[in-house]
S.K.: 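A single structure is presented below for examination.
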Amino acid sequence: MIKLIRGFRDILPGQVELWQDIESKARVLLENFGFREIRLPIMESTELFARGIGADTDIVEKEMYTFPDSKGRGQTLRPEATASVVRSYIEHGYAGSDPVQKFYTIGPMFRHERPQKGRYRQFYQINAEMFGVASPLADVQIMYLLHLFFTGLDVPDVVTHVNSLGCPECRPKFREALISFVSDKMDRLCSDCQRRAEANPLRVIDCKVPGCKEAVQGAPSIQDHLCPDCKEHFQAVIEGLDDLNVPYEIDPRLVRGLDYYTRTTFEVQTTLLGAQNAVAGGGRYDGLVKVLGGKETPAIGFAVGFDRLAALLGAEEKDFTVPPALFIAALGEDARKIAFGWLCDFNARGLRAEMDYEGKSLKSQMKQANRFNAGRVLILGENELQNGMAVLRNMNTKEQEEVALDGLTDRVAALINQG
RNA sequence: GUGGGUGUAGCUCAGUUGGUCAGAGCGCCUGGUUGUGGCCCAGGAGGUCGUGGGUUCAAAUCCCAUCACUCACCCCA
């Protein structure tokens, strides 16, 4: 048997209805907020991600699906969407017409990581990106939108964490302060932290090992190192969230693994998904457009982890199948032909109906209708053909009524639409 | 990439120290109702025991390898 490749999966009927529901709600909300859909390719030049995400990030270093094309140039299955959106924004000259643009895109991303709960090698994201607005109002609006999205879906157990990572002005200073703080406590740190103290000192601050936790008591906080502009920006964001009653938690240890983030970053976290606690994440990336060859353009965006969101809403445990309104049970060849005509008519007019194609016994067809969880069963056999009346059975109440064969589909459709 | 756990019927799982160990429940099909579902009863179909080697008279069971699933580290959506 040929099986799925590792870390990939099928979203099956029964679950896919939930995905569709999430997706359509996301579209409505995003479009209400002025975001327009942009559909992007799944593969891009490797260089786009190397430059955009950062050459020393885990994603670029070891998680990308990269293949040479026929001429040996590197091309990569996108590990995230933001770099592609930025590329498209630059390539189509939006900066020239109107630099303020809001885009959203929904689709698969690919990262070659070891799969585990909530982590797949092909996973789906809903991305929203807003260009050209430096004002903290953009940050507030983005986070407000995300908040509405999650509350609208009634997602259980989510908390939004917010932080500011500063800018090229203040972040390096903080980084230095942090490294020097950590460096004279090396002997008290776990081996992992000793290794990452230099490369990613923020991780040390966030380490769960008790010894490390103790060692980093009183570590410098980014919040104390923000330059005046960043500080003011962050303040404005927080006030904006308060004004709109968006709940959040300021989390000075919130780090993000992509190099392009500046100032505001945020992550929607849950405790229900094991180690993979981020359901959505994002932030401001004021430097990225320029890094990728465009004009200096402020921008901010987020990604929602579709798979994780669906999991939180019970995708794997529940069945979201929508049952048909009607099942047609036919007995005998003549009846079956007529029934098939009805079936086509019902389907054409948008009514979900099913029938048995194989000429099984009535009992077997009733079982099938029950399995479908059909609301009603329309029965057509020799008796009905003779007296010109079909039987319509309500599967919940067990009530049956007769419906004249003449003009039957109109009448049955009307009955079903009444409920 | 590293470590732990697990792979037996469509699903959830039993299978004791290698020797009627190829099983159960659910689901599916048929019948009990020559035309009426869910409950009940009876019967039936369905498995190269993840895969490939090895040990043995004999392997689902022991050994090796490999693949996959899963949880965690790491990182993130």
Side-chain angles (χ1 to χ4, degrees), chain A residues 1-9 53 56-63 78-82 106-127 146 158 190-193 195-196 199-200 202-203 206-209 254-258 261 265-270 273-282 301-312 327 329-332 335 356 358 360-385 390-400:
Chain A
M1 181 170 52
I2 298 173
K3 289 198 265 195
L4 274 163
I5 56 183
R6 181 166 212 195
F8 288 64
R9 63 182 187 141
I53 299 169
D56 327 305
T57 57
D58 280 6
I59 293 178
V60 174
E61 264 182 5
K62 51 192 188 195
E63 296 174 3
R78 62 180 184 193
E80 59 114 40
T82 302
I106 300 173
M109 309 296 155
F110 304 84
R111 290 183 202 169
H112 192 105
E113 298 178 90
R114 189 83 168 249
Q116 71 183 73
K117 184 171 187 162
R119 188 165 82 184
Y120 306 96
R121 289 182 173 179
Q122 174 174 337
F123 59 100
Y124 295 80
Q125 288 188 340
I126 302 168
N127 277 86
L146 200 52
V158 285
C190 69
S191 56
D192 279 341
C193 283
R195 180 172 47 76
R196 63 191 166 198
N200 200 345
L202 276 166
R203 278 281 156 218
D206 207 20
C207 185
K208 292 139 201 147
V209 176
L254 178 65
V255 204
R256 318 230 64 237
L258 290 74
Y261 285 114
T265 56
F266 51 89
E267 211 168 87
V268 179
Q269 298 181 359
T270 177
L273 290 177
Q276 305 309 316
N277 63 350
V279 191
F302 67 74
V304 175
F306 212 137
D307 309 71
R308 292 181 187 175
L309 180 54
L312 279 180
F327 185 93
L331 293 163
D356 161 62
E358 309 291 339
K360 290 187 185 162
S361 70
L362 179 60
K363 175 174 180 165
S364 167
Q365 293 189 58
M366 291 301 289
K367 278 187 149 181
Q368 202 181 338
N370 191 57
R371 205 163 36 235
F372 270 123
N373 207 3
R376 291 170 214 246
V377 175
L378 186 61
I379 300 167
L380 183 70
E382 282 170 24
N383 300 344
E384 288 74 17
L385 284 179
V391 172
L392 184 64
R393 176 180 177 88
N394 183 316
M395 292 296 273
N396 297 319
T397 64
K398 295 183 172 181
E399 284 168 28
Q400 300 197 162

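Numbered from 1 within each chain, the chains take letters A, B, ... in sequence-line order. Side chains are part of it too, since the values below use all heavy atoms of this structure and drop only hydrogens, waters and symmetry mates.
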S.K.: Looking across every strand, which nucleic acid part, if any, lies under 4.0 Å from A/Lys398 by heavy atom: base, sugar-phosphate, or nothing?
M.R.: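 Contact class for A/Lys398: base.
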S.K.: Rounded to whole angstroms, how far apart are CD on A/Gln276 and P on B/rA72?
M.R.: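 Distance check: A/Gln276 CD to B/rA72 P gives 7 Å.
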S.K.: With heavy atoms under 4.0 Å as the rule, sort A/Ile59 into base, sugar-phosphate or nothing.
M.R.: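 Nothing: the residue A/Ile59, judged by heavy atoms under 4.0 Å, touches no strand.
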S.K.: Write down the partner of B/rC28 under the Watson-Crick or G-U wobble criteria, each distance required to be under 3.5 Å.
M.R.: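 Across any shown strand, B/rC28 pairs with B/rG44.
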S.K.: Can a donor-acceptor pair under 3.5 Å be found between the side-chain atoms of A/Gln400 and the base atoms of B/rU36?
M.R.: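 Yes, a donor-acceptor pair under 3.5 Å.
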S.K.: Let's test your reading of the model: under 3.5 Å, does the base of B/rG1 pair with the side chain of A/Glu63 as donor and acceptor?
M.R.: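 There is none.
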S.K.: Indicate, with a heavy-atom threshold strictly under 4.0 Å, whether A/Lys117 touches base, sugar-phosphate, or nothing.
M.R.: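 Touches sugar-phosphate only.
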S.K.: Where the side chain of A/Arg371 is concerned, which of B/rG37, B/rC29, B/rC71 is the nearest nucleotide?
M.R.: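 Closest nucleotide to the A/Arg371 side chain: B/rC29.
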S.K.: So which nucleotide from B/rU30, B/rU36, B/rA72 ends up closest to the side chain of A/Lys360?
M.R.: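 Selected nucleotide: B/rU30.
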S.K.: Using Watson-Crick or G-U wobble geometry with both distances below 3.5 Å, tell me the partner of B/rC57, or none.
M.R.: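 Base partner found: B/rG19.
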S.K.: Can you label the angle between the A/Tyr124 ring and the A/Phe306 ring as parallel, tilted or perpendicular, going by 30° and 60°?
M.R.: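 If you compare the ring of A/Tyr124 with that of A/Phe306, the planes turn out perpendicular.
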S.K.: At under 4.0 Å between heavy atoms, what does A/Gln269 touch on the DNA or RNA strands: base, sugar-phosphate, or nothing?
M.R.: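 Answer is nothing: A/Gln269 stays at 4.0 Å or more from every strand.
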S.K.: Measure CD/A/Glu113 against C1'/B/rC75 and give the value in whole Å, please.
M.R.: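 Value for this atom pair: 6 Å.
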S.K.: How is A/Gly7 classified with respect to the nucleic acid when contacts are heavy atoms under 4.0 Å: base, sugar-phosphate, or nothing?
M.R.: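 If one applies the 4.0 Å heavy-atom cut-off, A/Gly7 turns out to touch the sugar-phosphate alone, with no base involved.
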S.K.: Ignoring the backbone of A/Asp58, work out which of B/rC74, B/rG1, B/rG32 is nearest its side chain.
M.R.: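 Nearest to the side chain of A/Asp58 among the choices is B/rC74.
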S.K.: What nucleotide, of B/rU36, B/rC74, B/rG31, holds the atom closest to the side chain of A/Ser361?
M.R.: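 In terms of side-chain proximity for A/Ser361, the closest of B/rU36, B/rC74, B/rG31 is B/rG31.
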S.K.: In this structure, how many angstroms lie between the P atom of B/rG1 and the NZ atom of A/Lys62, rounded?
M.R.: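 Rounded to the whole Å, the gap is 11 Å.
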S.K.: Base, sugar-phosphate or nothing for A/Gln368? Non-hydrogen atoms, less than 4.0 Å.
M.R.: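 No contact.
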S.K.: Heavy atoms under 4.0 Å, any strand shown: does A/Asp307 hit a base, just sugar-phosphate, or nothing?
M.R.: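 Nothing, no heavy atom under 4.0 Å.
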S.K.: Out of the candidates A/Val158, A/Val268, A/Ile126, only one should pair with A/Leu146 under the side-chain contact (heavy atoms from CB on, under 4.5 Å) rule; please name it.
M.R.: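 That would be A/Val268; it is the only one of A/Val158, A/Val268, A/Ile126 passing the side-chain contact (heavy atoms from CB on, under 4.5 Å) with A/Leu146.
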S.K.: Report yes or no: does A/Arg119 contribute a side-chain atom to a donor-acceptor pair with the main-chain N or O of A/Gly7 at less than 3.5 Å?
M.R.: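 Judged by distance alone, no pair lies under 3.5 Å.
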S.K.: Within a reach of under 6.0 Å around CD of A/Glu382, are more than 12 heavy atoms found that belong to other residues, nucleotides or ligands?
M.R.: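 It does not: A/Glu382 CD has 12 such atoms or fewer within range.
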S.K.: Distance between the P atoms of B/rA42 and B/rA24, in whole angstroms?
M.R.: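 About 14 Å, rounded to a whole number of Å.
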S.K.: Any base atoms under 4.0 Å from A/Ala369, or only sugar-phosphate, or nothing? Heavy atoms, all strands.
M.R.: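 No contact.
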S.K.: Taking atom P in both B/rG3 and B/rG50, what distance in whole Å separates the two?
M.R.: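 So the two P atoms sit 23 Å from each other.
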S.K.: Please determine whether any donor N or O and acceptor N or O are separated by less than 3.5 Å between the side chain of A/Arg9 and the base of B/rC69.
M.R.: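 Not at all, since no donor on one side and acceptor on the other fall under 3.5 Å apart.
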S.K.: With a 3.5 Å limit on both atom pairs, tell me what B/rU34 is paired to, counting Watson-Crick and G-U wobble, or say none.
M.R.: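 Across all strands, not a single nucleotide pairs with B/rU34.
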S.K.: What about A/Arg119: does its side chain form a donor-acceptor pair under 3.5 Å with the base of B/rC75?
M.R.: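 Yes, the side chain and the base share a sub-3.5 Å donor-acceptor pair.
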S.K.: Quantified in whole Å, what is the C1' atom distance between nucleotide B/rG35 and nucleotide B/rC21?
M.R.: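 Result for the C1' pair: 45 Å, nearest Å.
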S.K.: Check every atom of B/rG37, B/rU30, B/rA72 against the side chain of A/Arg114 and return the nucleotide holding the closest atom.
M.R.: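 For the A/Arg114 side chain, the nearest candidate turns out to be B/rA72.
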S.K.: Can you tell me the base-pairing partner of B/rA65? Count Watson-Crick or G-U wobble geometry only, both distances below 3.5 Å, and say none if there is no partner.
M.R.: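 Paired with B/rA65, as far as the under-3.5 Å criterion goes, is B/rU51.
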S.K.: Starting at the 5' end of RNA chain B, which residue's closest nucleotide do you reach first, A/Gly274 or A/Ala374?
M.R.: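 That would be A/Ala374.
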S.K.: In whole angstrom, give the distance that lies between atom CG of A/Leu362 and atom C1' of B/rG31.
M.R.: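 The distance from CG of A/Leu362 to C1' of B/rG31 comes to 15 Å, rounded to the nearest Å.
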S.K.: Base, sugar-phosphate alone, or nothing: which one does A/Gly118 contact when heavy atoms must sit under 4.0 Å apart?
M.R.: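 Base contact.
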S.K.: A/Tyr120 near the nucleic acid: base, sugar-phosphate alone, or nothing, with a heavy-atom cut-off under 4.0 Å?
M.R.: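 Base contact.
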S.K.: Any strand counts, and the cut-off is 3.5 Å on both contacts for Watson-Crick or G-U wobble. Which nucleotide pairs with B/rC73?
M.R.: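 B/rG1 is the nucleotide pairing with B/rC73.
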S.K.: Among the nucleotides B/rA72, B/rC69, B/rU36, which one has an atom lying closest to any side-chain atom of A/Arg6?
M.R.: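 Of B/rA72, B/rC69, B/rU36, B/rC69 is nearest to the side chain of A/Arg6.
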S.K.: Between A/Arg308 and A/Gly118, is there a donor-acceptor pair closer than 3.5 Å when you use the side chain of the first and the backbone of the second?
M.R.: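 At least one qualifying donor-acceptor pair exists.
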